[in-house]
S.K.: 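Below is the structure I would like to discuss, written out as structure tokens.
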Amino acid sequence: MSNPNRINLDPAAPDSLYAGAQKVNLALDETEQRLEQLEKLAKEINIKLSNANCMYWMGV
């Protein structure tokens, strides 16, 4: 099943167009993966900040 946010690859397309579409799709995949990593990191940082803030207010 193809991703709706990607360019459909048509093997009948000219080589340069097909190769370009592959590069765009690869870049989108890499960007999506990096975004997921950053979102996970942001969540981890927020948890650590929340815990530190709680400990501060508890006087620990």
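Side-chain atoms are counted along with the backbone in the values below, which use heavy atoms only and exclude waters and symmetry mates. All values derive from a computational prediction rather than experimental measurement.
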S.K.: Identify all side-chain donor-acceptor contacts of residues 20-30 below 3.5 Å with residues at least two apart in sequence or on another chain.
M.R.:
unit_1	atom_1	unit_2	atom_2	d
Asn25	OD1	Ile7	N	2.8
Asn25	ND2	Ile7	O	2.9
Asp29	OD1	Arg6	NE	2.8
Asp29	OD1	Arg6	NH2	3.0

S.K.: What residue pairs, at least two apart or across chains, pass side chain to side chain donor-acceptor pair (under 3.5 Å) with a residue in residues 49-60?
M.R.: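 The answer is Asn53-Trp57.
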S.K.: Could you give the distance from CD (Gln33) to CG (Leu38), rounded to the nearest 0.5 Å?
M.R.: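 Gln33 atom CD to Leu38 atom CG measures 11.0 Å (nearest 0.5 Å).
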S.K.: Please indicate whether Asp15 has more than 12 foreign heavy atoms, meaning atoms of other residues, nucleotides or ligands, lying under 6.0 Å from its CG.
M.R.: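 No.
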S.K.: Do Gln37 and Arg34 have side chains that approach each other closer than 4.5 Å (heavy atoms only, starting at C-beta)?
M.R.: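 They are in side-chain contact.
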S.K.: Do the non-hydrogen side-chain atoms of Leu9 and Tyr18 ever get within less than 4.5 Å of each other?
M.R.: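 Answer yes - side chains close enough.
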